[in-house]
Protein chains: 2
Amino acid sequence: MIDFFNSIIPLNEKEKELIRQYFHLRCYKKRMFVLQEGDVCQHLNFVLSGCLRMYKDDENANPHILLFATEGSWINDLDSYYEEKKSLLNIDVLENTELFQINRENIVKLYLSAPKFDRIFRILTERNLVLLQNRMLENISLSAEDRYYNFLSSHPDLINRIPQVHIASYLGVSAEFISRLRSRRARNPFMGT
Amino acid sequence: MIDFFNSIIPLNEKEKELIRQYFHLRCYKKRMFVLQEGDVCQHLNFVLSGCLRMYKDDENANPHILLFATEGSWINDLDSYYEEKKSLLNIDVLENTELFQINRENIVKLYLSAPKFDRIFRILTERNLVLLQNRMLENISLSAEDRYYNFLSSHPDLINRIPQVHIASYLGVSAEFISRLRSRRARNPFMGT
DNA sequence: ACCTGGATCAATAGTATTTCTTGATCTGGT
DNA sequence: ACCAGATCAAGAAATACTATTGATCCAGGT
């Protein structure tokens, strides 16, 4: 994780030490929840290894996936974390996972002891905002088919790792529809390229 | 659940009302965790329906089951609940389950508003202590084989409900060993009776 | 030194649960 | 009237769990 921060802005030894001090490692097994609807989010989560999803259940208990996270990325409900309010979201574990976590108390200490971290997290959040904005744009402008092919090319790693149902839920599409796209492409290989 | 308390000590209407007020119902689906190692236990859990286990993972991630709970019984990590410390145990759901839960704040109110509940929970805990003591005694005094047959006769309901591996883990025996006992008994039906 | 109760490991078989696919039918928008 | 895509139901395919069995090993009691 130090590498991760370092790649955004180089850190000195003291700052690296702060990270070691304030973050702790926690392991989760498949199907465990990192955050459940109704609980207050207590940690920011950096994924060291594994795979998770953040989603909201609708009134019929169908999950709608907001975000996947794999090694090297973050997965947080910032609203619940900073405002200390009950989360509407769930975060659960798709593969056995190791997270580096930092709690509210420690992140304040971190910001106070090295302002560089304000900047690092600012940059991080800005990047996520841009990604989310792009995804939003895709969602309102592209057909389900195009969104799926875009997803394939931008996340080729995830398709072998995550069941199709989840990808469908992430794209806001039915699982059957994806299945049909695939079989159509199998018959006619130069579709969606 | 009111019946449950009532059967220990009869309740008046006011006390029944307190229960309705302070406990809430929560549903869990199979494989969900009610308590995860590292979290602080926030509720006492009374099982309305379903089946759960409480266990500790050892350093090789092998679970060792401390307790099963089915409808009408309780399953709690009291240490974590009352001391507000991180739990060493996990509680997870073996079948879809409905729990009545009471949080720390409400149980204090309950004790304050009706001292009878102190007595009820005292009795409850004493009974559990006795059961645990008996089990401990069996564990240090009986052979694995006898412990298994004892388990069969004292929990005939559980054998069709809970996978053998879990029963093995509860008895502190290997799953293979139970399998052999069963096949031995199949060949020679009057064993262990 | 030698049984015995039981563990561990590995392979296999049997079941159950998830995941994917397919066909049929329906809906809202152009 | 057509098209993109949803929903429902049924099956097939793929995985993951669970149970059984044989082989081998090991510690404690006599």
Side-chain angles (χ1 to χ4, degrees), chain A residues 29-32 51 53 55 58-65 68 92-96 138-152 158-188 191-192, chain B residues 28-32 50-51 53 55 58-65 68 92-96 138-152 158-188 191-192:
Chain A
K29 277 181 290 181
K30 204 172 165 176
R31 289 164 200 275
M32 284 181 127
C51 180
R53 84 225 238 238
Y55 64 97
D58 66 18
E59 60 285 2
N60 311 313
N62 298 117
H64 298 274
I65 299 179
F68 294 115
D92 75 355
V93 171
L94 268 23
E95 298 170 5
N96 292 354
E138 283 200 359
N139 247 272
I140 60 181
S141 65
L142 297 186
S143 69
E145 181 170 4
D146 288 343
R147 275 181 279 145
Y148 175 63
Y149 289 127
N150 273 193
F151 183 86
L152 284 197
L158 294 186
I159 50 163
N160 321 297
R161 242 175 127 169
I162 294 181
Q164 250 174 229
V165 223
H166 291 162
I167 294 175
S169 159
Y170 177 87
L171 295 173
V173 154
S174 74
E176 293 93 329
F177 182 68
I178 290 191
S179 175
R180 283 181 236 275
L181 285 182
R182 281 162 51 114
S183 71
R184 247 156 68 191
R185 175 135 91 165
R187 270 181 267 108
N188 182 351
M191 299 190 75
Chain B
Y28 288 86
K29 276 181 290 183
K30 203 171 165 177
R31 290 164 201 275
M32 283 182 117
C51 179
R53 83 224 237 241
Y55 64 96
D58 66 19
E59 60 285 2
N60 311 313
N62 299 117
H64 297 276
I65 299 179
F68 295 115
D92 74 358
V93 171
L94 267 23
E95 299 170 4
N96 292 354
E138 283 201 358
N139 248 271
I140 59 180
S141 64
L142 297 186
S143 69
E145 182 169 3
D146 289 343
R147 275 181 279 145
Y148 176 64
Y149 290 126
N150 272 195
F151 183 87
L152 284 196
L158 293 185
I159 50 161
N160 320 297
R161 246 177 121 166
I162 295 181
Q164 251 175 229
V165 222
H166 291 162
I167 294 175
S169 160
Y170 177 87
L171 295 173
V173 154
S174 74
E176 293 92 330
F177 183 67
I178 291 192
S179 175
R180 282 179 236 275
L181 285 183
R182 281 164 49 117
S183 71
R184 245 156 69 192
R185 177 136 89 166
R187 269 181 269 107
N188 183 352
M191 301 190 71

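Chain letters run A, B, ... following the sequence lines, proteins first and then strands; every chain starts at 1.
Rounded to whole Å, the distance from CD1 on Ile162(A) to C1' on dC20(C) is 16 Å. Remark: P of dT21(D) and CD1 of Ile178(B) are 14 Å apart, rounded to the nearest angstrom. In this structure, CZ of Arg184(B) is placed 12 Å from P of dT4(C), rounded to the nearest angstrom. Summarising the geometry, the separation between CG on Leu171(B) and P on dG6(C) is reported as 11 Å, rounded to the nearest angstrom. For the pair Phe177(A) CZ and dC26(C) C1', the interatomic distance rounds to 16 Å; values are reported in whole Å. As rounded to whole Å, 14 Å separates atom C1' of dG5(C) from atom OH of Tyr149(B). If you measure from atom CZ of Arg147(B) to atom C1' of dA7(C), you get 13 Å, rounded to the nearest angstrom. The CD1 atom of Ile167(B) sits 19 Å away from the P atom of dC17(D) (whole-angstrom rounding).
Looking at every heavy atom in both residues, Asn150(B) comes nearest to Leu142(B) through OD1-CD1, 3.4 Å. Of all non-hydrogen atoms in Lys30(B) and Asn96(B), the two that sit nearest each other are N-OD1, 2.7 Å.
Glu145(B) has a carboxylate O that lies under 4.0 Å from a charged side-chain N of Arg184(B), or vice versa, which qualifies the two as a salt bridge.
Dashed line: the shortest gap from a side-chain N or O of Gln164(B) to OP1 or OP2 of dT20(D) is under 4.0 Å.
Taking for each of Ala144(A) and Arg182(B) the nucleotide of DNA chain D with the nearest heavy atom, the 5'-most of the two is the partner of Ala144(A). If you find the closest nucleotide of DNA chain D to Lys30(A) and to Pro163(B), the one lying nearer the 5' end belongs to Lys30(A).
For Arg31(B), whose side chain is taken as the heavy atoms from C-beta onward, the closest listed nucleotide among dA6(D), dC20(C), dT17(C) is dT17(C). Across dC20(C), dA19(D), dA7(C), the shortest atom-to-atom separation from the side chain of Val165(B) is found for dA19(D).
Within the nucleic acid shown, Ser183(A) comes within 4.0 Å of sugar-phosphate atoms alone, with no base atom in reach, counting heavy atoms only.
In this model, a side-chain donor or acceptor of Arg180(B) finds a partner on the base of dG22(D) within 3.5 Å. Counting atom types as modelled, Glu176(A) pairs no side-chain N or O with a base atom of dC20(C) as donor and acceptor under 3.5 Å.
Residues Phe151(B) and Tyr170(B) place their aromatic rings such that the two centres sit under 6.0 Å apart.
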Verify side chain to side chain contact (heavy atoms under 4.5 Å, CB included) between Asp92(B) and Met32(B), making sure each step is shown before the conclusion.
CA-CA 6 Å; Asp92(B) 74 358; Met32(B) 283 182 117; over 6 Å; no
